[in-house]
**Q** 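Let me give you the structure first, and then I'll get to my questions.
For the numbers below, each heavy atom of this structure counts, side chains included, while hydrogens, waters and symmetry mates do not.
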Amino acid sequence: MLVRHGVTDHTLGKRFSGGLASANPPLNEEGRAQALATGEWLAPLAHDFDVVVSSPVRRTRETAEIVAEQLRLEIEVEHGIAEMEFGSWDGLSFAEVQERFPDDLSAWLGDLDAAPHGGESMRTVQQRVLEGRDRILEKYAGRTVVAVSHVTPIKVIVAEAMGASLEGVYRMELGPASVTVVSYATTPDGEVRPYLRLFNGRPTHVFG
């Protein structure tokens, strides 16, 4: 199970907000309420979960702490599922990046190997995230994990599960504190096969 973090002031301002090398903003009041609502939504299923695994980034750790408290589970950290690093774009809005770095932005939008100055490309993030995903699958084989992460890593995992190209991440809408479920089963010939079971689920009494 994949849970996106709740909102920060950067989220609401539609600003680029990356991983540990970013400004690392905390959840705001609304974000904490979203995380609590999601934790309460999942709480009746707490007996089905074994561990909460979190990105090390502040907003995901804070979301994980709130969700884990509702599920009465311990938290482990996996650096591979941290958000993309946006380098010099971090903290800027799309319009500001377009004004200050128009050529870099055009390259980034058109090339999965292009990266912001000091940041990561989409291909680099894909490799890092899937390596982190594989470590989680190996460490917690046969168990149900609640992984608290970010927009880009969750979309990368979903695209891979669906057999879609990496460009597919640009066609997904993923809300804050949303729940996405991907299960993994081993076939008789030893292949680990992913199945998307839920995408962008949220408690309707809070999010509508």
**Q** Are a donor atom and an acceptor atom from the side chains of Thr60 and Thr63 found within less than 3.5 Å of each other?
**A** no
**Q** In terms of hydrophobic clustering (I, L, V, M, F, W, Y; side-chain heavy atoms under 4.5 Å; direct or indirect links), are Ile81 and Met1 co-clustered?
**A**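 No: no chain of side-chain contacts under 4.5 Å links Ile81 to Met1.
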**Q** Is Tyr140 reachable from Tyr195 through a run of I, L, V, M, F, W or Y residues, each pair having side-chain heavy atoms under 4.5 Å apart?
**A** no
**Q** For side chain to side chain donor-acceptor pair (under 3.5 Å), just list the numbers for His79 and Ser55, CA-CA rounded to whole Å, side-chain angles, deciding distance to a tenth of an Å, and then say yes or no.
**A** CA-CA 6 Å; His79 284 69; Ser55 150; over 6 Å; no
**Q** Determine, using the 4.5 Å side-chain heavy-atom cutoff (strictly less than), whether Val148 and Val182 are members of one ILVMFWY cluster.
**A** no
**Q** Charged N to carboxylate O below 4.0 Å: is that the case for Glu96 and Arg15?
**A**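 Arg15 and Glu96: salt-bridged.
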**Q** Output yes when a side-chain donor or acceptor of Asn200 lies under 3.5 Å from a complementary backbone atom of Gly175, and no otherwise.
**A**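 At least one qualifying donor-acceptor pair exists.
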**Q** Using atom types as modelled and distance alone, determine if a side-chain donor or acceptor of Glu74 lies under 3.5 Å from a backbone N or O of Val51.
**A** no
**Q** Taking all non-hydrogen atoms of both residues into account, name the closest pair between Ser22 and Glu85 and its distance.
**A**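 Residues Ser22 and Glu85, closest heavy atoms: N-OE1, 3.9 Å.
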**Q** Are Met162 and Leu174 grouped together when hydrophobic residues (ILVMFWY) are joined by side-chain heavy atoms under 4.5 angstrom apart?
**A** yes
**Q** Given 3.5 Å as the limit, does a donor-acceptor pair link the side chain of Lys14 with the main chain of Phe94, or not?
**A**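 Between the backbone of Phe94 and the side chain of Lys14 there is no qualifying donor-acceptor contact (under 3.5 Å).
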**Q** Same cluster or not: Ile154 versus Phe86, using hydrophobic residues (I, L, V, M, F, W, Y) connected whenever any side-chain heavy atoms lie under 4.5 Å apart?
**A** yes
**Q** Is there a donor-acceptor contact under 3.5 Å linking the side chains of Asp189 and Thr187?
**A** yes
**Q** Do Tyr184 and Arg133 have side-chain atoms, one donor and one acceptor, less than 3.5 Å apart?
**A**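 Yes - a donor-acceptor pair under 3.5 Å links their side chains.
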